[in-house]
2 protein chains.
Amino acid sequence: MRGHKASILADDNLRRYTPPSPGNSGSTLEALAAVTRYRRGQEIRSPRSPAESWYRVVIGVVGRCAVRAGGRRQIVDLLLPGDFFFDSMPPVDQHCSVEAVVEGTVVACYSRERAERLAAFDPDVAHEIRDMTAAITWRLEEQILILGRTTATKKIGCFLLKMAERCSKSETDKNRMALPISRYDIADHLAISVETVSRSLTELKQRGAIALAGTRQIRIVDRAALDDED
Amino acid sequence: MRGHKASILADDNLRRYTPPSPGNSGSTLEALAAVTRYRRGQEIRSPRSPAESWYRVVIGVVGRCAVRAGGRRQIVDLLLPGDFFFDSMPPVDQHCSVEAVVEGTVVACYSRERAERLAAFDPDVAHEIRDMTAAITWRLEEQILILGRTTATKKIGCFLLKMAERCSKSETDKNRMALPISRYDIADHLAISVETVSRSLTELKQRGAIALAGTRQIRIVDRAALDDED
DNA sequence: CGCTAGCTTGAGCCTACTCAACACGGGTGG
DNA sequence: CCACCCGTGTTGAGTAGGCTCAAGCTAGCG
C-alpha cells in the first residue's frame, strides 16, 4: 500500500502477507510489541498493562465475542493472521470478551498510548493506523452483509468465499482452504445453529458448489453458486 | 468529548447549516466543508471532487446501502446528525451507495486529503479523527449484535433502544422518540420484511413494552422487555 | 476400551417470509 | 370540491426455512 516506507506496526518477521518493505532498522513501535501464545478458548488480555492496547494476530484465530444472558455466544469479529484489533469498550448490557479460537494462537500486543505518541510525530504511522482501522470497518461491514442474507445456505456460502479469500492470501490455489475453525464457531459467527451449519454444508456439497475432504478441507468448485444472490 | 478544547470537525456553525464563508479566519477545516442538502432517496456524492471524502450528517438521516442482485436493499449503516462517515470502497460483487433516507437531509463534506494534511500538523485533529472512526466501528458492532438476535421482535426492541439513545441526545425525555425513518427502512436495516416489522411493533405495543402515538411517535415503557435476552 | 468433542442426520414445531387485501393520508388533476 | 393515485402501514392465510430435541457417528485420547 504505502510502498516505499517500511511498515512499522507490521513487522515482516511476524506478518505473513506483508508487502515487501526492507531496510527497516530500529523500529520503535515493534520493540514495544509483546508477543503471547494462547490456548484455545483463553481470554486475550494485555500482558503488560490493563490500559487500552492494540493487537495483531500472528498465528491462529482470534474471536471478539459477546456473550448474552441466555448463554448464547456471538463472534462479532473473526481475526486471522495479519488482522489488527483493539480493546473494545464493553457494551453496557452484555458481556464482551476477546478469546483465542484455535489452539496455539499467537498475538502481538502494542501499547496504545505510546503508539499514539509515535503517530503524533510520524504522519506515516498515523496514516497506517487509519488504514488498519479502515480494514476493521471493512470486515465488520462484510459481516453485516453476510448476516443480512436471507437463508442460512447463502450465509454459509458467502462466509466460505470470504474465508477462502482471507485464508489463501499469496497461496497457489485460491479455491482450496483449510477451514481453521469448528462448525460451532461458524455457528456463533453467523448467528445460526450448529445443525443448520452442517446441513448447509452438506447441501452445498450435494449441489456441487463445494467439495469436502474430511471436515475442514474445503475446495470451492462453483463460486457463482456460493454468492448466488436472492 | 475532548474536554476544554473545541471540536474542530464538529463545529456548531455547521450544525446551524452555515455555508462556509471564504476568507474566514476561523477553523481551517471548517472552511473546507461543503454543505449540501439532499432530497429523500438521493445519492450522496462529493460535490467538489470524485476523490475520497469525509462526511458528517448535519440534519436528517443518511443510509449506507448495499443493493443485491435480487433488488433487495440492505442499509448497512444508519447515520444520524453528528455521525461521520466515509466514502467506502465498493464491494466487488454488490453495488454500494450512500443515500439520504429522509427528505431534506443536510450533509457536510470534507476533503479527505486536506483533512489528513491538517491532522499531520495537529495531533488533536488526528485524535479526533481516531475517535470518529472508533464511533463508526462501534455502530457497526452494535448492528452486528442486533442482526445476531434470534427473533425479529428482539431485533426491533434492541433497535428501538439504540435509536432512542441516539435520537434523544441532550433531550429531556429519553423514553420519547420521533422515529425518523419508515418501516420499510427499518426492514432494510434489520434485514427483515416490512410486515414483520409492523407485526413486531404491534406485539411490543400489546405487550406493554412501548406506546405508539401515530406511527412515528414512540414512547418506551418497559426497557427490560425490549432488551430481553434469550 | 470407554470417554469426550466434533460433526451429521432426522422429526416436529415455531418463526418469518410471501402473497394478498385493506386502511389511511397527502398529493394532484379533473 | 371530489376522485383518484401513490406511498405508507397494518393484518390475515399459507408456506418454507431454521431451531430444538434427540439420536448416532467418527476420531482422538487417556
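Convention: sequence-line order gives letters A, B, ...; per-chain numbering from 1. Computed over heavy atoms, backbone and side chain alike; hydrogens, waters and symmetry mates excluded.
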Trainee: Is the shortest side-chain N/O distance from A/Arg216 to OP1 or OP2 of C/dG6 below 4.0 Å?
Mentor: no
Trainee: Any base atoms under 4.0 Å from A/Leu201, or only sugar-phosphate, or nothing? Heavy atoms, all strands.
Mentor: nothing
Trainee: Looking at A/Ser193, I'd like to know whether one of its side-chain N or O atoms comes within less than 4.0 Å of OP1 or OP2 on D/dC19.
Mentor: yes
Trainee: Would A/His189 and A/Gln74 count as having a side-chain donor-acceptor pair, cut-off 3.5 Å?
Mentor: no
Trainee: For D/dT26, does OP1 or OP2 lie under 4.0 Å from any side-chain N or O of A/Thr215?
Mentor: no
Trainee: Testing the basics here: between A/Arg40 and A/Asp185, what is the closest heavy-atom pair and its distance to 0.1 Å?
Mentor: NH2-OD2, 3.5 Å
Trainee: Nearest to the A/Arg183 side chain among C/dC7, C/dA16, D/dC19, which nucleotide is it?
Mentor: C/dC7
Trainee: State whether A/Arg40 places a side-chain N or O below 4.0 Å from either non-bridging phosphate oxygen (OP1 or OP2) of C/dA5.
Mentor: no
Trainee: What is the distance, to the nearest angstrom, from the CZ atom on B/Arg149 to the P atom on C/dA16?
Mentor: 13 Å
Trainee: Counting only side-chain heavy atoms from C-beta out, which of D/dG18, C/dT15, D/dG9 sits nearest to A/Thr151?
Mentor: D/dG18
Trainee: Strictly below 4.0 Å: does B/Arg72 bring a side-chain N or O up to OP1 or OP2 of C/dT18?
Mentor: yes
Trainee: Ring-plane angle category for B/Phe85 and B/Tyr55, please: parallel below 30°, perpendicular beyond 60°, tilted otherwise.
Mentor: parallel
Trainee: Between A/Arg64 and B/Glu141, does any side-chain N to carboxylate O distance fall below 4.0 Å?
Mentor: yes
Trainee: To the nearest Å, how far apart are B/Leu179 CG and D/dT8 P?
Mentor: 14 Å
Trainee: Could you say whether B/Val197 or A/Tyr184 is positioned toward the 5' end of DNA chain C, judged by the nucleotide with the nearest heavy atom to each?
Mentor: A/Tyr184
Trainee: When you check the gap from the basic side-chain N to the acidic O, do A/Glu195 and A/Arg183 get nearer than 4.0 Å?
Mentor: no
Trainee: Would you tabulate the pairs of protein nitrogen or oxygen atoms and nucleotide nitrogen or oxygen atoms of nucleotides 12-16 of chain D closer than 3.5 angstrom?
Mentor:
from   : atom 1 : to       : atom 2 : distance (Å)
D/dG12 : N7     : B/Arg199 : NH1    : 3.0
D/dG12 : O6     : B/Arg199 : NH2    : 3.3

Trainee: If we count only N and O atoms by modelled type, under 3.5 Å, do the side chains of A/Glu203 and A/Thr153 hold a donor and an acceptor together?
Mentor: yes
Trainee: Looking only at side-chain N and O atoms, does A/Ser198 come under 4.0 Å of OP1 or OP2 in C/dT8?
Mentor: yes
Trainee: Between B/Arg139 and B/Asp83, does any side-chain N to carboxylate O distance fall below 4.0 Å?
Mentor: yes
